[in-house]
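Labels below follow one simple rule: chain letters A, B, ... track the order of the sequence lines, proteins then strands, and each chain is numbered from 1.
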Amino acid sequence: MTRARWIGAAALSASIVLSALGQLGMKAGMQNLKLARASGEIAWSLASSPPLREALLFTAGGLVAYALSLLAWLAVLVRYRLSYAYPLLALSYVLVYAGATQWPELAEAATPQRTVGTLLILAGVGLASLAGGRGSK
Amino acid sequence: MSNLLLLLAVVLLSTSQVLQKVGAARRLAGKQKPSEWIAALFSPELLGAIACIVAGTALWLAVLYRMDVSRAFPFLSLTTVLVMAASRFLLREPVSWHRWAGVLLIAGGIALVAST
């Protein structure tokens, strides 16, 4: 693998993983914000409200991961056609689904429809991305 | 209300994708130095892309507040369909029937996930 191709592959992998981490972080943040509001505390002091503190931490972490994924994505766009690279980014659907259902912080329900639907997306991603070469430009 | 927010977020995030690609092609291609990249970030295309991302992300947080991420996130694949159409019709990239078939499968998967 040449250096340029290695960089392209690394940037693409980073975009996919970071965008999934960003989604999970933002969701965990919003979930904690909901908890903080439900608990009825008017917690202007972060120390007195663990959910509010976690809401801020997770949301900020999620946004940072998301921002980094966008930077990596720009490096991807220089090297690949959008119609090739973009469908590959959809691999993050599987990562988000796995994270949302397996990470105890979120513990969302895994249903047959969601599992089959996510696998359909993967198949679609494979078809859209692998047909017709690498699409580099 | 949640669905309206979701739709708006998807449109903004799709627009950002297209602006990013146009910006990357016009401003970033062939640039190596970090200073050149930073200058490119302030081009109209990439500033517009950033504005769409910021607004889309704010709406997205409001969506996540109301919905499971395992249900909301697949809706973003609508972006795939919009971006594929924009790749073909605005950017004039060749898009083979395989890719369209893939997009259809993705959309089917989304519909299934969304039904839960």
A.B. asks: A/Q23 versus chain B, heavy atoms under 4.5 Å apart: side chain, backbone, both or neither?
C.D. replies: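 It is both, since atoms from each part get that close.
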
A.B. asks: How about B/F89: does its CZ atom have over 12 heavy atoms from other parts shown lying under 6.0 Å from it?
C.D. replies: yes

A.B. asks: Counting only N and O atoms by type, is there a donor-acceptor contact under 3.5 Å from the side chain of A/E108 to the main-chain atoms of B/D68?
C.D. replies: no

A.B. asks: Verify the cluster assignment for A/Y66 and B/M67: are they in a single hydrophobic cluster under the rule of side-chain heavy atoms below 4.5 Å apart?
C.D. replies: yes

A.B. asks: If every non-hydrogen atom of B/A101 is compared with every non-hydrogen atom of A/L127, which pair is closest and at what distance?
C.D. replies: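 Heavy atoms only, the tightest pair is CB-CD2, 3.7 Å.
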
A.B. asks: Take B/V69 and A/V96 through the side chain to side chain contact (heavy atoms under 4.5 Å, CB included) test and state the conclusion after the steps.
C.D. replies: CA-CA 8 Å; B/V69 69; A/V96 167; 4.1 Å; yes

A.B. asks: Checking heavy atoms, do the side chain of A/S92, its backbone, both or neither come under 4.5 Å from chain B?
C.D. replies: both

A.B. asks: Between A/T118 and chain B, with a heavy-atom cut-off of 4.5 Å, which part of the residue counts as in contact: side chain, backbone, both or neither?
C.D. replies: both

A.B. asks: Test of understanding: clusters of I, L, V, M, F, W, Y form through side-chain heavy atoms closer than 4.5 Å, transitively. Do B/L19 and A/L71 belong to the same one?
C.D. replies: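 B/L19 does not cluster with A/L71.
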
A.B. asks: So do the side chains of B/V113 and A/Q113 get within less than 4.5 Å of each other, counting heavy atoms only?
C.D. replies: no

A.B. asks: Using heavy-atom distances under 4.5 Å, tell me whether B/L104 contacts chain A through its side chain, its backbone, both, or neither.
C.D. replies: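 B/L104 has no heavy atom closer than 4.5 Å to chain A.
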
A.B. asks: If two hydrophobic side chains count as joined below 4.5 Å and joins carry through other members, does A/L57 share a cluster with B/L64?
C.D. replies: no

A.B. asks: Sort A/V116 into side chain, backbone, both or neither according to what part of it lies under 4.5 angstrom from a heavy atom of chain B.
C.D. replies: both

A.B. asks: Heavy atoms, side chains only, cut-off 4.5 Å: are B/L105 and A/I121 in contact?
C.D. replies: no

A.B. asks: Name the region of A/L63, side chain, backbone, both or neither, that has any atom closer than 4.5 Å to a heavy atom of chain B.
C.D. replies: side chain

A.B. asks: Is B/I110 in contact with chain A via its backbone, its side chain, both, or neither, using a 4.5 Å heavy-atom distance?
C.D. replies: both

A.B. asks: Less than 4.5 Å to any heavy atom of chain A: does that hold for the side chain of B/W100, its backbone, both, or neither?
C.D. replies: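 For B/W100, there is no contact with chain A at all, as no heavy atom is under 4.5 Å.
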
A.B. asks: Are any non-hydrogen side-chain atoms of B/L76 and A/Y93 less than 4.5 angstrom apart?
C.D. replies: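 B/L76 vs A/Y93: side chains touch.
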
A.B. asks: Roughly how far, to the nearest 0.5 Å, is CZ of B/F73 from CG of A/L95?
C.D. replies: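 It is 9.0 Å, given to the nearest 0.5 Å.
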
A.B. asks: With chain A as the partner, which of B/A107, B/A111, B/G108, B/P74 has the greatest number of non-hydrogen pairs under 4.5 Å?
C.D. replies: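 Option with the top pair count is B/P74.
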
A.B. asks: In this structure, would A/L24 and A/Y97 fall into the same cluster of hydrophobic residues linked by side-chain contacts under 4.5 Å?
C.D. replies: no

A.B. asks: In terms of heavy-atom pairs under 4.5 Å with chain B, which of A/Q31, A/M26, A/K34, A/R114 leads?
C.D. replies: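 Answer, by heavy-atom pair count under 4.5 Å with chain B: A/R114.
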
A.B. asks: Quick check for you: to the nearest 0.5 Å, what is the distance between B/S16 atom OG and A/L70 atom CG?
C.D. replies: 7.0 Å

A.B. asks: Considering only heavy atoms from C-beta outward, does the side chain of A/K27 approach that of B/W60 to under 4.5 Å?
C.D. replies: no

A.B. asks: Would you compute the distance between atom CZ of B/R27 and atom CG of A/L74 and round it to the nearest 0.5 angstrom?
C.D. replies: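 With rounding to 0.5 Å, CZ (B/R27) is 13.5 Å from CG (A/L74).
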
A.B. asks: Treating Ile, Leu, Val, Met, Phe, Trp and Tyr as nodes and any side-chain heavy-atom pair under 4.5 angstrom as an edge, say whether B/L13 and B/L61 lie in one connected cluster.
C.D. replies: yes

A.B. asks: Between B/W37 and chain A, which part of the residue has a heavy atom less than 4.5 Å away: side chain, backbone, both or neither?
C.D. replies: side chain

A.B. asks: Side chain, backbone, both or neither: which part of A/L122 has an atom under 4.5 Å from a heavy atom of chain B?
C.D. replies: neither

A.B. asks: Can you tell which part of B/R71 gets under 4.5 Å to a heavy atom of chain A, answering side chain, backbone, both or neither?
C.D. replies: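 Its backbone and side chain both get close to chain A.
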
